[in-house]
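Only one structure is covered here, and it is reproduced in the block below.
Because the structure is a prediction, the values reported are computed rather than measured.
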Amino acid sequence: MPTANLQKQPDRITLASVDSNTPDSPPEDVKGIPTDIKEIKKAYLYIITQRGNGRLDSVSFTYSCEENHGTMIYFYEQGKLRMIDYDYSEGDHSGVVEQYFIKDSTLFFVYTEDGAWSFEANGGPATVDRINEKRTYIVNQQPVKCLQKSYEIHSAAQIKTTPENISNKEVDCSSYQSLMEPYQMLIRYLKNPTSACPEKYTFDNH
């Protein structure tokens, strides 16, 4: 039977990143909802620093529905939702990480990473991971900048791919609406968690 269990989960380091250097002193949060990219970066850095330092409360749900598995972690600061981390897979060869950053109940930044792996074409045991990352900056509930990068990681390669060294490319934000479907699903699920699995949407949205 599908299950979704309410439980505390150990934290894990965020995969999201923006173009921002780590400051020498602890970052401060922005006042109010971020209104430009500079404030988005500042608010983002504040949230991941608070999370990394264990200063955010969290509650999580896990589910397993046939070949679909996932974990939803909701992070709070003083009772207010600040971040959602959704990690799920469909089958054994693909998986997605979605991270939503929130201020005053308003979404301002989204990071997604979807990947799939397969064996190399030569038929040996070596594998290749194909990864696609997207970053969406949001002001007044509209995307103002969207970045994307794609790369492969070959297990047999002598020189390993370093994702941090791959530049993002600015792209149009036509996929923005597809980000809202899973985000709204996660918010609905939080308001009414049940033993059922979350609403389904497909990898094609990414």
Side-chain angles (χ1 to χ4, degrees), residues 1-17 44 47-48 50-119 127-136 138 141 143 146 148 150 153 163 175-206:
M1 293 291 292
T3 60
N5 300 317
L6 178 64
Q7 62 182 24
K8 290 290 184 180
Q9 288 270 341
D11 195 16
R12 55 188 177 82
I13 296 175
T14 178
L15 295 173
S17 64
Y44 159 84
I47 290 173
I48 63 167
Q50 292 292 90
R51 174 181 173 176
N53 290 336
R55 294 174 181 163
L56 299 182
D57 297 322
S58 66
V59 64
S60 69
F61 304 86
T62 61
Y63 66 87
S64 179
C65 307
E66 298 178 352
E67 294 186 351
N68 303 331
H69 311 278
T71 300
M72 299 167 281
I73 310 177
Y74 299 83
F75 293 90
Y76 294 86
E77 182 179 46
Q78 297 179 354
K80 295 184 178 180
L81 184 63
R82 298 306 310 270
M83 178 183 174
I84 303 173
D85 189 325
Y86 186 25
D87 187 340
Y88 64 95
S89 64
E90 293 184 343
D92 296 329
H93 287 255
S94 58
V96 175
V97 173
E98 299 172 353
Q99 297 180 332
Y100 301 90
F101 294 80
I102 301 155
K103 180 68 184 290
D104 295 341
S105 301
T106 300
L107 184 66
F108 67 85
F109 181 69
V110 180
Y111 169 83
T112 65
E113 177 189 289
D114 62 83
W117 72 271
S118 62
F119 291 105
T127 60
V128 55
D129 294 329
R130 296 176 176 87
I131 310 296
N132 184 46
E133 299 182 14
K134 293 182 181 179
R135 292 164 172 81
T136 304
I138 303 166
Q141 302 182 29
C146 295
Q148 181 174 326
S150 301
I153 299 176
S175 63
Y176 171 69
Q177 290 302 322
S178 68
L179 295 174
M180 295 300 97
E181 183 180 348
Y183 173 66
Q184 291 164 359
M185 178 277 291
L186 290 165
I187 294 297
R188 288 194 297 270
Y189 195 88
L190 178 62
K191 292 179 179 179
N192 186 31
T194 69
S195 60
C197 292
E199 303 162 29
K200 179 179 176 58
Y201 61 96
T202 69
F203 286 88
D204 295 338
N205 287 337
H206 297 283

**Message:** Can you confirm whether or not the ring centre of Phe61 sits under 6.0 Å from the ring centre of Tyr63?
**Reply:**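 No: the rings miss the under 6.0 Å criterion.
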
Heavy-atom pair of closest approach, residues [X] and [Y]:
| X | Y | result |
| --- | --- | --- |
| Leu186 | Met72 | CD2-SD, 3.4 Å |
| Ile47 | Leu56 | O-CD1, 3.8 Å |
| Thr112 | Leu179 | CG2-CD2, 3.8 Å |
| Lys80 | Asp104 | NZ-OD1, 4.3 Å |
| Glu98 | Val96 | CG-CG1, 3.7 Å |
| Cys146 | Pro143 | SG-CB, 4.2 Å |

**Item:** Plane angle bin for Phe101 and Phe109 - parallel if under 30°, tilted between 30 and 60°, otherwise perpendicular
**Value:**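 Phe109 vs Phe101 ring planes: tilted.
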
[atom1]/[X] to [atom2]/[Y] distance, rounded to the nearest 0.5 angstrom?
| X | Y | atom1 | atom2 | value |
| --- | --- | --- | --- | --- |
| Asp85 | Met83 | CG | CE | 5.0 Å |
| Gln99 | Tyr44 | CD | OH | 7.5 Å |
| Ile138 | Met180 | CD1 | CE | 4.5 Å |
| Gln78 | Asp57 | CD | CG | 9.5 Å |
| Phe108 | Ile102 | CZ | CD1 | 8.5 Å |

**Request:** Identify, with sequence neighbours excluded, every residue that meets side-chain hydrogen bond (donor to acceptor under 3.5 Å, both in side chains) alongside Ser150.
**Result:**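 If we apply the side-chain hydrogen bond (donor to acceptor under 3.5 Å, both in side chains) test to Ser150, skipping adjacent residues, the hits are Asn132.
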
**Worked verdict on Tyr74 versus Tyr76 for ring-ring contact (aromatic ring centres under 6.0 Å, His included)** = CA-CA 7 Å; Tyr74 299 83; Tyr76 294 86; 7.1 Å; no

Would you say that [X] contacts [Y] through its side chain, given a criterion of any heavy-atom pair below 4.5 Å between the two side chains?
| X | Y | result |
| --- | --- | --- |
| Leu81 | Ile187 | yes |
| Arg82 | Lys103 | yes |
| Arg55 | Glu77 | no |

**Request:** Quick one: do Val110 and Tyr183 satisfy side-chain contact (heavy atoms from CB on, under 4.5 Å)? Show the steps, please.
**Result:** CA-CA 9 Å; Val110 180; Tyr183 173 66; over 6 Å; no

**Request:** Let me see the working for Tyr86 and Met185 under side-chain contact (heavy atoms from CB on, under 4.5 Å), right down to the final yes or no.
**Result:** CA-CA 11 Å; Tyr86 186 25; Met185 178 277 291; 3.8 Å; yes

